[in-house]
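In what follows, residues are counted from 1 in the order of the sequence shown.
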Amino acid sequence: MWVLLLLYLSLAVCISSGADTLYANQSLSGDQTLVSKGENFVLGFFKPGNSSNYYIGIWYKKVTSNPPTIVWVANRKTPVSDRFKSALRIVDGNLVLLNESNFQIWSTNVSTTRTNLNADVVIIRDDGNLVLTDQSNSVEIWQSFDHPVDTWLPGAKLGYDNITKKSQLLTSWKGRENPDVGLFSLVCEPSEKTYISKWNNSISYWSSGSWNGKIFSLVPEMRLNYIYNFSFFSNENESYFTYSVYDSSIISRFIMDTSGQVQQQTWLEAEKQWNIFWSQPKTQCQVYAICGSFGICSESGLPFCNCLTGFKPRSENDWNQSDFSGGCVSKTDLQCGRNMESLDFFMITVKDMPPNSSVADGSSGECRTNCLNNCSCKAYSFVDNQCSVWDGDLLNLSELDTNGKTIYVKVASKDLPRPKKSKGVALSTVVGSVAGVVFVLGLIVLIIYRRKRRLAGKTTMEGLLVSFVYRDLQTATKNFSDKLGGGGFGSVFKGVLRDSSVVAVKKLESMSQGEKQFRSEVSTIGTTQHVHLVRLRGFCAEGNNKLLVYDYMPNGSLDSHLFHEKPVLNWKTRYEIALGTARGLVYLHEKCRDCIIHCDIKPENILLDADFCPKIADFGLAKLVGRDFSRVLTTLRGTRGYLAPEWLSGVAVTAKADVFSYGMLLFELVNGKRNAERSVDLRGTFFPYLAASVVMVGGDILSLLDSRLNREADIEEVTKICKVAFWCIQDEEESRPSMSVVEQILEGVLDVNMPPIPRSIKLYADNTEHLVFFTESSSQGSSQEPSSSSSSVPQSKSASS
């Protein structure tokens, strides 16, 4: 039979260039391809990344990604090494792949009773479906849509066969450069009309929720859907979902990614990248066992997978390709029964206990000793007076810094981190150095003291700040007559000191702190110095009179340039303002002794010096007000348009609340208007929602720009700003980037992917009450050093986190 097959192959006819059909007397090999009639898809041999293996697959022709975006693979388990000696062809009514040794390594495996098998053909269609049919195209014998790999294309079904009782699965690639079957799959549960993500085809870790006819209940992002049309069908033979794209020009796909996340993506040709429309689970660490055995997942940095202390990747190569499924192994072979004194435990704090533990008897000490002496015991935990031990691999570990569950993992003692050794510096050297530093600092303070003393009659120095007397500031501000602005925490006045320097004096209201406590807090704020923070020069604390003295900013606040009649800022200046503000927040969040959460980032609190360099104002008020802050927030109305969702939910806020506010500010920098505005007919518009309809489909980005700029801007910078803004206003805190990441993106050090659309955007846009909610403000006009705006929220947080 093989002799006849070889003779038949030698007589095969090569396919013509650009053909979409493979006939029974033809074969496809080497660089030959089939191209669909509309040139949407290509069938041929491909090599993923730096791999030496070749596969038969289908990829987009119009998607200019490198490497090509593969949507289907035939021989994902059995690659070939020589594509020129391998061949795809029709044999006995089946499409088969023969490797370089002429062995059949893949087949459609269709049983047939048809007689005229030489009339069969294979066609690649414009929807990406590869079909084996008769030459009249009247009988579909087999189609690739019935055998998806990791990609679900528009028009294809993904469901359940009621006759064979089998589901169609989306199964992830094993790695970025390995299309073999991975550990993550998506399966349809027709009885519940839902999709479930599974690990190793056994452990369920995410559900779409039930289908209500329009959306899946646990995928709220679908409410924002203006691209896809999903449908569910069921009969005695099958139950399945399918979907289409409203605009046929949009290239879309639905994939089970190697990360274990289900993702809906659209191709943005202008950006040359795939945009993730939505993904689930929302965070990477919610994917079951994403980091493999003895690997731990962390949402706080990259890479998100790391081996436990005392362990190393099982495969460094796979780990470098972001394939963490192999997990980690002990750095040192733990010899069972020997040298037990060389073993110890390393403590980790995790979000949830790993599976497959067993309960043992004994106290905490006995639990430890028994695990140490048990060769099969890998870890133990003692919680609520109960000893739990793990004899197998530890899976599904997710790191948690505090308030988590403690596990003790067995490792070799030599692999534990060692305490740092003393450098043995001589005591005399230390004493001499300290004395020298004290002398220099004393000299500097003395010089500053003498200089400051001349500023106002009884004004004195306190640390590096000037402690003003009330009467001197009253004189400097002409009895507080030249008002620059005002807000929830007080009013700001322009003043001129005796040395003719111009200052801005904030007269605080609703301050019940004692004078000693106020001085202590202000002194702490005074040590916070950065080029993008407004400098606090001094203060006054006399009884109920609490005032702060700042450098004067001649160009006022950012809102006066964006929303009022001041000269229009060009795009270059706006981009520098965005970058400078980010740098200031990085300093507050990450480089101060204590993390300072600003709590009110908005254009009114971004001041501009003579060179339009941005300076964050009011950065110390959250810390200064302290315990009074929650009361102030609940008694004053504020600009809620910049408040993160967690403010309104009553949970304690983190620095990510500032990230949200910063994202809303970025939108206003682009548009030059308030994010929510009302027209004369009282109809509202919400700019982030409008921006989403452009950014997410690769529309005209410059159409979002402030009309006063006449489209004069760098399109890549505008796009970058919009993407960053959407990442910053994600609903979940952990999905937002840190300000240091934002800074690096704006500096061009890091790239930024297309973000998902926050579900809150559509909800805000659909509710006219929210438009009022966004436009109310405690500020009255622009201000030099305005006070923090506030709102009725159930809980707040001190700036020191």
Side-chain angles (χ1 to χ4, degrees), residues 71 145-146 148-162 165-173 182-235 238-246 252-266 274-290 396 398 696 730-732 734-735 754-763:
V71 300
F145 270 10
D146 290 337
V149 177
D150 68 327
T151 303
W152 180 20
L153 292 173
K157 303 174 183 178
L158 194 62
Y160 184 80
D161 191 318
N162 294 326
K165 307 300 180 183
K166 291 183 178 180
S167 294
Q168 291 173 306
L169 300 177
L170 286 187
T171 309
S172 67
W173 283 27
L183 288 172
F184 306 107
S185 59
L186 185 73
V187 60
C188 177
E189 295 289 347
S191 60
E192 301 294 331
K193 295 183 181 179
T194 186
Y195 281 110
I196 296 176
S197 292
K198 293 186 176 183
W199 173 82
N200 205 22
N201 208 26
S202 57
I203 305 295
S204 300
Y205 61 87
W206 175 78
S207 171
S208 66
S210 58
W211 176 254
N212 65 10
K214 292 183 178 179
I215 66 169
F216 293 106
S217 60
L218 298 182
V219 189
E221 293 90 342
M222 294 184 72
R223 294 192 183 98
L224 304 176
N225 180 23
Y226 48 83
I227 298 178
Y228 309 101
N229 177 29
F230 280 81
S231 303
F232 178 78
F233 298 93
S234 183
N235 55 44
E238 59 183 348
S239 301
Y240 63 90
F241 285 93
T242 187
Y243 74 101
S244 59
V245 182
Y246 289 120
S252 173
R253 63 176 183 155
F254 185 109
I255 67 169
M256 169 55 80
D257 192 59
T258 55
S259 65
Q261 290 179 307
V262 180
Q263 298 178 354
Q264 187 105 43
Q265 301 181 347
T266 55
W274 287 97
N275 159 42
I276 300 178
F277 188 73
W278 61 266
S279 63
Q280 292 286 354
K282 286 185 176 298
T283 61
Q284 191 64 70
C285 291
Q286 291 177 290
V287 176
Y288 185 85
I290 181 61
N396 205 40
S398 183
M696 300 302 169
Q730 293 296 304
D731 302 295
E732 306 297 332
E734 58 267 24
S735 298
M754 188 64 69
I757 305 176
R759 59 180 178 273
S760 55
I761 287 183
K762 181 65 159 57
L763 299 178

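- Between atom CD1 of residue Ile290 and atom OG of residue Ser398 there is a gap of 11.5 Å, rounded to the nearest 0.5 Å.
- Between Ser234 and Ser239, the shortest heavy-atom contact is OG-OG, 2.8 Å.
- No side-chain N or O of Glu732 forms a donor-acceptor pair with one of Gln730 less than 3.5 Å apart.
- Asn201 meets the side-chain hydrogen bond (donor to acceptor under 3.5 Å, both in side chains) test with no other residue; sequence neighbours excluded.
- Judged by distance alone, the side chains of Asp257 and Ser259 do bring a donor and an acceptor atom under 3.5 Å apart.
- The CG atom of Leu186 lies 11.5 Å from the CD1 atom of Ile255; values are rounded to the nearest 0.5 Å.
- Of all non-hydrogen atoms in Pro281 and Trp206, the two that sit nearest each other are CG-CB, 3.9 Å.
- Under a 3.5 Å cut-off, the side chain of Lys165 and the backbone N or O of Asn162 do form a donor-acceptor pair.
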side-chain contact (heavy atoms from CB on, under 4.5 Å) between Tyr160 and Val187: does it pass, once the steps are laid out? CA-CA 9 Å; Tyr160 184 80; Val187 60; over 6 Å; no
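- Closest of all the heavy-atom pairs between Gln261 and Thr283 is NE2-C, 4.1 Å.
- In this structure, Trp211 and Phe230 have tilted ring planes: the angle between them lies in the 30° to 60° band.
- Rounding to the nearest 0.5 Å gives a distance of 12.5 Å between CZ of Phe241 and CD of Gln168.
- Remark: side-chain polar atoms of Ser207 are paired, donor with acceptor, to backbone N or O of Gly209 under 3.5 angstrom.
- With rounding to the nearest 0.5 Å, the separation of CG in Asn229 from NZ in Lys214 is 11.5 Å.
- Side chain of Glu192 to backbone of Glu189: no donor-acceptor contact under 3.5 angstrom is found.
- In this structure, Tyr243 OH and Ser231 OG are separated by 12.5 Å, a value rounded to the nearest 0.5 Å.
- Heavy atoms only, all atoms of each residue included: Pro190 and Phe232 are closest at O-CZ, 4.4 Å.
- In the model, Thr194 has no side-chain atom that pairs as donor or acceptor with a side-chain atom of Ser210 under 3.5 Å.
- Within a 6.0 Å radius of NZ in Lys198, other residues, nucleotides and ligands contribute more than 12 heavy atoms.
- With 3.5 Å as the limit, one finds no donor-acceptor pair spanning the side chains of Ser185 and Thr171.
- With Tyr195 contributing its side chain and Phe216 its backbone, the two residues share no donor-acceptor pair below 3.5 Å.
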Would Gln264 and Ser252 satisfy side-chain contact (heavy atoms from CB on, under 4.5 Å), going step by step from the backbone distance to the final call? CA-CA 8 Å; Gln264 187 105 43; Ser252 173; 4.0 Å; yes
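- The ring-ring contact (aromatic ring centres under 6.0 Å, His included) test with Tyr288 singles out one residue from Phe184, Tyr205, Trp199, and that residue is Trp199.
- To the nearest 0.5 Å, atoms SG (Cys285) and CG (Asn396) are separated by 9.5 Å.
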Can you give me every donor-acceptor pair (side chain of residues 148-158, partner residue at least two apart or in another chain, under 3.5 Å) with its distance?
from	atom 1	to	atom 2	distance (Å)
Trp152	NE1	Ala156	O	2.9
Lys157	NZ	Glu238	OE2	2.9

